[in-house]
Amino acid sequence: MHSFGYRLNGLLTFAVTILALMCAITSLSDNFNTPFPSAEIKIMNINWFQKQPQGHDEVSLTMNVSADLQSLFTWNTKQVFIFVAAEYETRKNSLNQVSLWDAIIPAKEHAKFWIHTSNKYRFVDQGNNLRGKKFNLTLHWHVMPKTGKMFADKIVLTGYSLPEEYR
């Protein structure tokens, strides 16, 4: 017969193997969730649009952000990090991204929201490329799971433009 130590080692090895297998299966089960988030962003006002002393363009916006991100939450979701970015093209860069606002959603109960806000971070272009510029507002999200890999996605909202003249 085996000693008590051998039996305990066999039992613990079996238990840890089953636990690891269960964690892997439950983590993979999260891949079957098909989220269907929705979002809308309205620019209510351009507070100011000016040229800085260094020659850079700066914009301050007031916007309404409404979103329903509840479908991103499953049993495995710890929190969701979201941010709104302005995206536009210039001659120098094919993609410019400027983060305007962000938040952390800790639970599904907070994932359906409406907020009236100004941009939290400065909307500055290195140069004077923003006059009359068409741009997209994109709502990005990063789902942080309790176990498994993090994933990210976005909703691109088009049809925004800045004025031709500074204010």
Side-chain angles (χ1 to χ4, degrees), residues 1-44 56 58-90 92-126 134-160:
M1 291 302 267
H2 294 291
S3 69
F4 177 74
Y6 281 126
R7 291 178 183 178
L8 183 62
N9 184 24
L11 181 64
L12 288 176
T13 302
F14 179 71
V16 169
T17 302
I18 295 299
L19 182 63
L21 184 63
M22 287 175 54
C23 284
I25 290 170
T26 55
S27 181
L28 289 173
S29 74
D30 207 27
N31 292 334
F32 297 115
N33 179 42
T34 306
F36 47 91
S38 62
E40 184 178 351
I41 303 173
K42 290 183 182 175
I43 295 179
M44 304 308 291
H56 306 312
E58 181 177 6
V59 182
S60 173
L61 305 170
T62 300
M63 55 191 160
N64 287 343
V65 180
S66 62
D68 183 359
L69 305 176
Q70 291 178 327
S71 64
L72 297 174
F73 281 83
T74 66
W75 65 271
N76 192 28
T77 305
K78 181 177 181 180
Q79 64 186 13
V80 177
F81 173 72
I82 60 171
F83 67 97
V84 174
E87 299 177 343
Y88 59 96
E89 293 182 10
T90 59
K92 193 173 184 180
N93 299 310
S94 62
L95 177 63
N96 296 280
Q97 290 182 315
V98 180
S99 181
L100 301 178
W101 174 84
D102 64 11
I104 294 175
I105 303 174
K108 186 175 186 174
E109 297 79 37
H110 305 287
K112 189 171 187 177
F113 64 90
W114 176 88
I115 185 168
H116 178 78
T117 185
S118 291
N119 47 308
K120 190 175 180 180
Y121 306 107
R122 296 174 56 194
F123 185 175
V124 177
D125 179 66
Q126 295 177 346
K134 293 192 181 313
F135 65 98
N136 299 330
L137 289 177
T138 305
L139 179 70
H140 296 262
W141 60 83
H142 296 264
V143 177
M144 298 170 193
K146 294 175 185 169
T147 180
K149 70 175 193 160
M150 187 168 72
F151 75 91
D153 206 351
K154 63 186 175 183
I155 296 176
V156 179
L157 305 162
T158 60
Y160 302 96

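The structure displayed is predicted, hence computed values, not measured ones.
The closest donor-acceptor contact from the side chain of S71 to the backbone of F36 lies under 3.5 Å. Panel note: side chain N64, backbone K42; no donor-acceptor pair is recorded below 3.5 Å. Checked by atom type and distance alone, the side chain of T77 pairs as donor or acceptor with a backbone atom of T74 at under 3.5 Å.
Residues L157 and A39 approach most closely at CD2-O, 3.9 Å, considering heavy atoms. Closest heavy-atom contact between H116 and W114: CB-CH2, 3.7 Å. Closest approach of L72 to P35, counting heavy atoms only: CD2-CB, 3.6 Å. Counting all heavy atoms, side chain and backbone alike, G159 lies closest to N136 at N-OD1, 4.3 Å. Here the shortest heavy-atom pairing between A152 and H142 reads CB-ND1, 3.3 Å. For the residue pair Y121 and W101, the shortest heavy atom distance occurs at CD1-N, 4.1 Å.
For N119, the side chain to side chain donor-acceptor pair (under 3.5 Å) test picks out no residue, with sequence neighbours left out. Among residues two or more places apart in sequence or in another chain, the salt bridge (charged side-chain N to carboxylate O under 4.0 Å, His left out) test is passed with D68 by none. Partners of T34 according to the side chain to side chain donor-acceptor pair (under 3.5 Å) rule, which considers only residues two or more places apart in sequence or in another chain, do not exist here. Remark: F81 engages F83 in a ring-ring contact (aromatic ring centres under 6.0 Å, His included) (not counting sequence neighbours).
For residues 138-156, no residue pair satisfies the salt bridge (Lys or Arg N to Asp or Glu O under 4.0 Å) rule, not counting sequence neighbours. A salt bridge (Lys or Arg N to Asp or Glu O under 4.0 Å) check over residues 95-117, counting only residues at least two apart or in different chains, returns the pairs D102-K120.
Contact of the P145 side chain with the K78 side chain is not registered, since no non-hydrogen atoms from C-beta on lie closer than 4.5 Å.
One distance of note links CZ of F135 with CD of E87; it measures 11.0 Å at 0.5 Å rounding. The distance from atom CD1 of I41 to atom OG1 of T138, rounded to the nearest 0.5 Å, is 8.0 Å. Distance check: I82 CD1 to I105 CD1 gives 4.0 Å after rounding to the nearest 0.5 Å. Going from atom CG of N96 over to atom OG1 of T90 covers 4.0 Å, rounded to the nearest 0.5 Å. Rounded to the nearest 0.5 Å, atoms CZ (R122) and CG (L100) are 13.0 Å apart. Rounding to the nearest 0.5 Å places CZ of F73 at 11.5 Å from CG of N33.
Screening V84, V65, T158 for a side chain to side chain contact (heavy atoms under 4.5 Å, CB included) with L137, the sole residue that qualifies is V84.
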